[in-house]
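Beneath this line is the structure, given in structure tokens, with notes to follow.
Just the heavy atoms: all of them, side chains too, but no hydrogens, waters or symmetry mates, feed the values below. Everything numeric in this text was worked out from a predicted model, so none of it was measured.
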Amino acid sequence: MHAEHAVYYVVASDITEAKESALQLEQVNAKLQFAFSHSTLEIWEYHLKDDVIKTLSRTILGGHTAFTSSNPAEYLLKQRFIHPNYSKSVEYDFQLLQEHRAPDSIYKVRTEDGYYRWLRISYAFLHTTKSEYESALWILQDVDDEIETRLQVIGSDRIFFAAFSGETGRPVLADDQIWDWFGGKDANLYDAYDFILKKAVPDDALHLFGPIANAAKLREFVASKEKELVVE
């Protein structure tokens, strides 16, 4: 019987391309991290099936410890990450996400120092297949200076302050009172506009609203891309 001997095979593989790709990816990630750390953007991720939200990047906007939570609408409001006056905006946003519809909202988010700043929240869906969305990215952008400037121009005599999508009529910036005034989850400026004019404007003053005297004209005005209209 012959003695057994171990045999070792040496395999040499060229990994130059893989190493270069890995290095490039590392450099890109470093650049992205630097960009996020010096920008007014913050990103959260919402997993639709599990109803879980988690932070992906922490910037000057939030500055809080990273978190992961189920029941995200309840969690964000209970922890006061979102100002309580905008609870309906948050709840309706999550309902739309579950319907695979991407909201576009502005509301107040609390920073680490306890102050609330106006943030615009946009959403982008990620999916595993063409027909199945897996998660949605929250992209939070600081628009506090812009909103506060508008509020100062309008002045303290305003009855309410809100913003609506010109395309859909859906509230973009609306506190809970505005949502209630315009009909709750299905609130729409165009649907409610004629009723508002009838209730709020005397018949002998309606002519002052000439370019926007009814919902149809309001749509036309918005479509014209006019920047501003003042009616007194």
Answer yes or no: is there a side-chain heavy-atom contact under 4.5 Å between [X] and [Y]?
| X | Y | value |
| --- | --- | --- |
| D142 | R117 | yes |
| D93 | Y86 | no |
| W44 | I121 | no |
| K185 | E91 | no |
| I196 | W181 | no |
| N85 | D176 | no |
| P103 | Y92 | no |
| F161 | D175 | no |

Tell me if a side-chain donor or acceptor on [X] pairs with a main-chain N or O of [Y] at a distance below 3.5 Å.
| X | Y | result |
| --- | --- | --- |
| Y190 | E167 | no |
| S70 | D51 | no |
| N214 | D194 | no |
| R110 | Q79 | yes |
| E134 | H47 | no |
| D144 | W118 | yes |

Distance (rounded to the nearest 0.5 Å) between [X] [atom1] and [Y] [atom2]:
| X | Y | atom1 | atom2 | result |
| --- | --- | --- | --- | --- |
| S105 | W138 | OG | CH2 | 8.5 Å |
| K54 | S135 | NZ | OG | 8.5 Å |
| L126 | L137 | CG | CG | 4.5 Å |
| S87 | Y107 | OG | OH | 11.0 Å |
| L197 | D203 | CG | CG | 11.0 Å |
| I53 | E45 | CD1 | CD | 9.5 Å |

Parallel, tilted or perpendicular for Y46 and F94, by the 30°/60° rule?
->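 Y46 vs F94 ring planes: perpendicular.
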CD (Q95) with more than 12 external heavy atoms under 6.0 Å =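 Yes.
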Verdict with reasoning, R170 to D104, per salt bridge (charged side-chain N to carboxylate O under 4.0 Å, His left out) = CA-CA 9 Å; R170 182 182 182 276; D104 185 9; over 6 Å; no
